[in-house]
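Working notes, structure below.
What you are looking at is a predicted structure, and each value in this text was computed from that prediction instead of being measured. For ligands, and for the atoms within them, numbers begin at 1 and follow the listed sequence.
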Amino acid sequence: MAKQFDVVVIGAGPGGYIAAIRAAQLGMSVACIDAWSTADGKPAPGGTCTNVGCIPSKALLQSSEHYDQANHHFAEHGIEVKGVGLKLDTLVGRKDSVVKQNNEGILYLFKKNKVTFFHGTGSFAAYVDGGWSIKVAGASEEDLLAKHVIVATGSAPRALPGLPFDEKKILSNDGALSLGAVPKKLGVIGAGVIGLELGSVWRRLGAEVTVLEAMPDFLAVADQQVAKEALKVFTKQGLKISTGVKIGEVKTTAKSVTVPYTDASGAEQSLAVDNLIVSIGRVPHTQGLGVDTVGLKLDERGFVIVDDECKTNLPNVWAVGDVVRGPMLAHKAEEEGVAVAERISGQHSHVNFGTIPSVIYTSPEIAWVGRNEQQLKTEGVAYKAGSFPFLANGRARALGDTTGFVKILADAKTDEVLGVHIIGPMASELISEAVTIMEFRGAAEDIARICHAHPTLSEAMKEAALAVDKRTLNF
Ligand SMILES: Cc1cc2nc3c(=O)[nH]c(=O)nc-3n(C[C@H](O)[C@H](O)[C@H](O)COP(=O)(O)OP(=O)(O)OC[C@H]3O[C@@H](n4cnc5c(N)ncnc54)[C@H](O)[C@@H]3O)c2cc1C
């Protein structure tokens, strides 16, 4: 007999596992199915984010930053270190144990919230008696019956046409997080968030890294003043970045990878590397879900079609996270997961797409929320801008990390904050204040009048707000 649930969630990435927990908190009986396994076949809930995304990349960024600091920056503090060595297996092993802690944490949370977990692939079988029959295949073999289904099956890396990932020479994010040796030369195709973060990790560990980007502008999604500063800093750090390139046919041998490309000036070039990371975006993942069996509608790019409330074309079937439109970010997936669980329970929840922050965890970090100058100009919005450099911030000087600035864009008439753009130390943490202010539709004046602890990096936010009104105190 099929096991019955109010809600069955397919996928335990940040969209799915958070939706499952929230639905359980609201008193519903909930099952969550996830197919991800560890190398020895154990369940590894947490999705891309936990296993091969946000968490392991940040663990490697942290370790490689320590290594870089020890090699290049401790001396400024009068700390002498001799013979700094690298044990890559320990570094990667630490990353793996951070991932494991997160996998186990999610299993613990399922238990705590009485979410029933099934390890296997979930697929739609049929619509029966007002509910959905869902099959679980794999480590668990079950038939489930669900009043509501939340599809949270995530995304997979996009390969270059004709160049499948072998995870040895041609790497997706997965292989790039687990290399057994630091490559002498590493190529990265795609200067997006993932390419820049993973390129930074291996550069800090000693690889000569070349990043090839097809778009003419570097970091076209970011505010162009931030992007310009980032390009300058990353280049100084040793990342070789070429934009406006056209990649030719990549050739792989047992020893190396050759990437022929046309550069922005039209000249033919060739890049020979030990390994190549291909980070040209991600595609929605719906294989094995039984989309055709029940007629779940996908768009031409394979995303599950949803409305503003994450409802699909099927009754009581919802979809959240990377598998639907919108930015492919863990926190966006989580917000949608919570909102859907609450909508199922009858609440009117809302996800504000205008205040979803974006972060790049390079050094310096880059973070923004809201609209940038290019967008405001295109939209014809009259705005005022205020910037403050970390060079003039006492805490940044004490840290020895004065790169970058905070820039606040506010409505010319009402002073409402329309966008905040940061490049600099701990930008990922600083952006929260901007998100909060924008959620409350606050003004630059509001940030300027809030007391910020001294000495903190957050004072740069206050000063940038003061700069909107041309009255910085420390610059
Ligand atoms: C290298 C890298 C770094 C990143 N860093 C960040 C970051 O710093 N911050 C950030 O916000 N985002 C980051 N992301 C993006 C983030 O990982 C995704 O946006 C997020 O994981 C999406 O969550 P999701 O729940 O939609 O899907 P996923 O995390 O992809 O989870 C989907 C889950 O569903 C399972 N599944 C799929 N089909 C089935 C099925 N039929 N049955 C059972 N299970 C199934 C999968 O196995 C997987 O476990 C990063 C991504 C990468 C690749």
Do you see a donor-acceptor pair shorter than 3.5 Å between the side chains of S172 and E167? yes
Ligand 1-proximal atoms of T153, by part, heavy-atom distance under 4.0 Å: both
Nitrogen or oxygen atoms of D34 and ligand 1 under 3.5 Å apart: yes
Which of the numbered atoms in ligand 1 are under 4.0 angstrom from any heavy atom belonging to G321? 26 (O)
What is the ring orientation for H148 with W318, classed by angle as parallel under 30°, tilted 30 to 60°, or perpendicular over 60°? tilted
Could you tell me which atoms of ligand 1, counted from 1 in the order shown, lie closer than 4.0 angstrom to a heavy atom of I10? 40 (C), 41 (N), 42 (N), 43 (C)
Does any N or O atom in H331 lie less than 3.5 angstrom from one in ligand 1, N or O only? yes
Within reach of ligand 1, part of A152 (heavy-atom separation under 4.0 Å): backbone
Need the ligand 1 atom indices (1-based, order shown) with element for anything under 4.0 Å from a heavy-atom of S57. 3 (C)
Check each atom of ligand 1 against the heavy atoms of K58 and keep those under 4.0 Å away; list them by number with element. 5 (N), 6 (C), 7 (C), 8 (O)
Would you mind running through ligand 1 and noting each atom that sits below 4.0 Å from a heavy atom of L329? 10 (C), 11 (O), 12 (N), 19 (O)
Is there a donor-acceptor contact under 3.5 Å linking the side chains of T38 and D40? yes
Under-4.0 Å heavy-atom contact with ligand 1, by part of N173 that carries it: side chain
Look at ligand 1 and say whether V323 reaches it with a heavy atom at a distance under 4.0 Å. no
Check T121 against ligand 1 and report side chain, backbone, both or neither, counting heavy atoms closer than 4.0 Å. both
Which bit of H285 is near ligand 1, meaning a heavy atom under 4.0 Å away: side chain, backbone, both or neither? side chain
Per-atom contacts of ligand 1 with M328, taking only distances under 4.0 Å to non-hydrogen atoms: 15 (C), 19 (O)
Should V52 be listed as contacting ligand 1, given a heavy-atom distance under 4.0 Å as the test? yes
Below 30° counts as parallel, above 60° as perpendicular, anything between as tilted: where do the rings of Y17 and F110 land? perpendicular
Contact between S155 and ligand 1, counting heavy atoms under 4.0 Å? yes
Do E65 and Q69 meet the criterion of a side-chain donor-acceptor pair at a distance under 3.5 Å? yes
If you measure every N/O of R282 against every N/O of ligand 1, is any gap under 3.5 Å? no
Check: E439/N352 side-chain N/O donor and acceptor closer than 3.5 Å: yes
Might you point out which heavy atoms bring F353 and P327 nearest each other, and give the distance in Å? CE2-CD, 3.9 Å
Could you go through K95 and S178, starting from their C-alpha distance and side-chain angles, then the distance that decides it, and tell me whether this counts as side chain to side chain donor-acceptor pair (under 3.5 Å)? CA-CA 9 Å; K95 177 264 298 177; S178 297; 3.2 Å; yes
Under a 3.5 Å distance rule, please check whether D274 uses its side chain to pair with a backbone N or O of K184 as donor and acceptor. yes
Can you tell me if P56 has a non-hydrogen atom under 4.0 Å from ligand 1? no
Give the table of side-chain donor-acceptor pairs shorter than 3.5 Å for residues 43-54, with sequence neighbours excluded, one pair per line with atom names and distance.
residue	atom	partner	partner atom	Å
T48	OG1	R282	NH2	3.4
T50	OG1	G46	O	3.2
N51	OD1	N103	ND2	3.2
N51	ND2	A44	O	2.9
N51	ND2	G47	O	2.9

